[in-house]
Amino acid sequence: MVFRNPENEFVIARLAVGSQEQTIKGMMPGVEVGDRLRLQGHWVTDPRYGRQFAVESYLPVLPETAEGLERYLAGQRVQGIGRVVAKRIVAHFGDSTLKVLDEHPERLLEVEGIGPGRLGRVIESWRLHRGERDAVIFLQGLGLSAALAEKIFRAYRSRSIDCVKRNPYRLVADIRGVGFVTADRVAERLGVAGANPHRIRAGLLHCLVRASESGHCYLPEPELADSAAGLLSLDAEALDGPLRQLILEGAVVAEADRRPRRLWLWELHALEVELAEALLQLRRSESARAWGAGGEQDLGLTARVEGVRWSPAQRAALQLGLRDKFCVVTGGPGTGKTTLVRALLSCWQGRGAKVALAAPTGRAARRLEEATGHSASTLHRLLEYSPASGEFQRHADQSIGADVVIVDEVSMVDLALMTALIRALRPQAQLILVGDAAQLPSVGPGRVLGDLIDSGVIPLARLDVVFRQDEAGLIVANAHRILDGQRPQSAADAAGDFFFIERDQPEAVLRTVVHLVTERIPRRWGLDGRRDVQVLAPMRKGSCGVEALNNALRERMVELDGDLRRGQPEVKRDFGPGDRVMQQRNNYDKEVFNGDVGQISSVAASGDLVVLFGEQRVEYSREEQDQLQLAYAVTIHKSQGSEYPAVVVPVLTQHFRMLQRNLLYTAVTRGKEVVVLVGSRRALDIALGNSEARVRYTGLAERLRAGAAVP
């Protein structure tokens, strides 16, 4: 055994194959020194360690010789049996040793050195090992990986085989990493009928979960029926009984006062109802007004501090933020949102109030902090999220200790996060939400900012005057042109900050993007192509999607500075020194968050690597590198809350499904110094003409209106 990670059972070992030894690596739970294995996988070549066998699945093979049996029993798997006692057991029972352990373990008392106390420990650990061995063999026989088989065994222990046989679809709810498709494949191998009620119920829930991953809070019944019938290859009538059962059990909520019925996952329904009631209560509350209404003295003082002349809209927004318990401020780039936040911060602090600034992501929080000079945090940090429990430590009984909470980039906040924030506010606290309603909605379910505005019952300030537009250049002006459905203007000369380069063929677009990122923009603007230039694409797939762009950009980067990589090993997912990478999920232990972009600074001989996120140095073991992905190009959705010195956006008709005005607007507003669109005019016109944002099924705006109408 060369290496074992006890947390995820990743193993690197030497395996004797005949007279030779081969290096094997992979997730191999329960494997000990001396085990005989039957492996499935593929050969890989490590630049430093040479040829290795990457294990995808394995089956333990029981030993047949006396020596093999002794090693097998003397391993760490059976408590109470060491090398000496193992030798005695095999000498006494011979070829029947394993049969005795399985069927008549009490006979071990016949062996010198085993008394009743030791016998109990041996029997208990042997049964546990045998159950794990049998479960792993059974589950891998159903096509599951060794790692997943081990995870299932840890959840169900001795009941593993019985649980999976009875209802393989329970894996979806019980085991992280198992989705409907995997469970359905297991069920098929077990001979479960296509019309089995367990399968239909799991399929219905899967369709609702998949809808929530697209931002929906519910589905109209006909859409759920069509989606589930297609997934399950069944007639819609077959869904009725299982759907009724899900509703009776409370797993699905049906709102029958609407036609067609709205069908919700119970968690999302409960969250939306709770949020609507809490927001209405916040709106009605007068407790924040003890701080006093915003007067002309505040406005004059802030104007002098900020050196600005308030527009009527800004003046109204500032008064709203100083007067109302709860309000929303919205506006596009250059309309003064940041100036307003600084002014509100100054006024509230001048009154002695404790103010908390927050944003949904680490990137957005850092931008807010830089813009205001006041400390800002992510909402997760403000709410003290605990990775261990998966819950927020700030809530109604342990509220946020702030008199005023100002949240920026609220378009990114989903239903669950907004509900958690409202729960954690002190009764006397004031809440000010700031965001651009024209940006893409949150990745998670809901469209909170849009619903708050559309409800018409939440105090709202809309900033619509663009200040210093001439000084801001074409980026800000074109962002507003895009919002109005007009073609953006390309700069007349190289001194400009916004360009459209016409290319009709995907291959030409790809070549142009690579040239812009690696040579033209760094040379013209003095920027680093690795750190400062971000490619934003509408989709992951396709010849000009994120994956293809990352491969092409990385290949060219390697060509340009091969010396950086010479003698350095490439690691998992083809990462190497110098690569631009993005964190894919929140990691509170490392203090890096979903969407953070960094650069690999070094790769160790073991394959571990170090990533620099600004000045922050973060280490990743081989097994942790699935948290990272190449980030020379990222999706526009992933860029929300970020700003980059330079942005390059491919715009092609092959992205037709995603070409929307708000998507293009979001991409353009990410750039600070230069934005370049590369593509066809037809694709650009498609995006500009598609002003209808994708419908999200949410009910928050209606609930707010209905609640506000109740005296």
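Source: prediction; values computed, not measured. Positions are given from 1 along the sequence.
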- [ ] Evaluate the side-chain hydrogen bond (donor to acceptor under 3.5 Å, both in side chains) criterion for residues D436 and S411: first the C-alpha distance (whole Å), next the side-chain angles of each, then the deciding distance (0.1 Å), finally the verdict.
- [x] CA-CA 6 Å; D436 186 347; S411 62; over 6 Å; no
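- Taking every heavy atom of both residues into account, M418 and V410 meet most closely at CE-CG1, 4.0 Å.
- Put simply, OH on Y644 and OG on S639 are 5.0 Å apart, with the number rounded to the nearest 0.5 Å.
- Using a 4.5 Å heavy-atom threshold, the side chains of S377 and L357 count as separate.
- Remark: side-chain polar atoms of R394 are not paired, donor with acceptor, to backbone N or O of E384 under 3.5 angstrom.
- A donor-acceptor pair under 3.5 Å links the side-chain atoms of N551 to the main chain of E547, judged by distance alone.
- At a cut-off of 3.5 Å, with distance as the only test, a side-chain donor of S227 or R210 sits close to an acceptor on the other residue.
- With a 4.5 Å cut-off on side-chain heavy atoms, L148 and V178 count as touching.
- The two residues F575 and L628 make their nearest non-hydrogen contact at CZ-O, 3.4 Å.
- Between the side chain of D579 and the backbone N or O of V581 there is no donor-acceptor pair closer than 3.5 Å.
- Not counting sequence neighbours, the partners of H216 by the ring pair (Phe, Tyr, Trp, His ring centres under 6.0 Å) test are Y697.
- Remark: the R363 side chain and the S642 side chain contain an N/O donor-acceptor pair separated by less than 3.5 Å.
- Of all heavy-atom pairs spanning L664 and A687, the tightest one is CD2-CB, 4.3 Å.
- Side-chain atoms of T666 come within 3.5 Å of backbone atoms of L440 as a donor-acceptor pair (strictly under, hydrogens ignored).
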Open item on the list: Does Q627 form a side-chain hydrogen bond (donor to acceptor under 3.5 Å, both in side chains) with N587? I'd like the steps, not just the answer.
Closed with: CA-CA 9 Å; Q627 299 178 33; N587 187 321; 3.0 Å; yes
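- Judged by distance alone, with hydrogens and angles left aside, the side-chain atoms of E624 form a donor-acceptor pair with the main-chain N or O of S621 at under 3.5 Å.
- Considering every non-hydrogen atom in both G641 and R670, the closest pair reads N-NH1, 3.6 Å.
- With rounding to the nearest 0.5 angstrom, the OH atom of Y156 is 3.5 Å from the CG atom of D174.
- Judged purely by distance below 3.5 Å, without hydrogens or angles, the side chains of S543 and Q654 pair a donor atom with an acceptor atom.
- Looking at T419, its side chain never comes within 3.5 Å of a backbone N or O of R423 through a donor-acceptor pair.
- For the pair S399 (side chain) and H395 (backbone), a donor-acceptor distance under 3.5 Å is absent.
- Interatomic distance, CG of L663 versus CD1 of I636, reported as 3.5 Å (0.5 Å rounding).
- In this structure, a donor-acceptor pair under 3.5 Å is present between the side chains of R580 and Q534.
- When side chains are defined from C-beta on, L208 counts as touching L219, because their heavy atoms get closer than 4.5 Å.
- In this structure a side-chain-to-backbone donor-acceptor pair under 3.5 Å is present from R696 to G446.
- Contacts of R367 classified as side-chain hydrogen bond (donor to acceptor under 3.5 Å, both in side chains), with partners at least two apart in sequence or in another chain: E409, E643.
- Annotation: the span from R159 atom CZ to R157 atom CZ amounts to 11.0 Å, rounded to 0.5 Å.
- Side-chain contact between V341 and V434 is present, with heavy atoms from C-beta onward closer than 4.5 Å.
- The ring pair (Phe, Tyr, Trp, His ring centres under 6.0 Å) test applied to Y385 returns H380, F392, Y588, not counting sequence neighbours.
- Remark: the backbone N or O of R185 is not paired with any side-chain donor or acceptor of R189 at under 3.5 angstrom.
- The number of heavy atoms from other shown groups lying within 6.0 Å of CZ (R14) is above 12.
- Of all the heavy atoms in A356 and L382, the pair that sits closest is CB-CD1, 4.0 Å.
- With contacts defined as side-chain heavy-atom distances shorter than 4.5 Å, the pair L231/C207 qualifies.
- Side-chain N or O atoms of R540 include none that pairs as donor or acceptor with a backbone N or O of V546 at under 3.5 Å.
- Shortest non-hydrogen contact noted between L536 and A667 is CD1-O, 3.9 Å.
- Because its NZ or CZ atom is not both nearer than 6.0 Å to the ring centre of F613 and within 45° of the ring axis, K590 does not count as a cation-pi partner of that residue.
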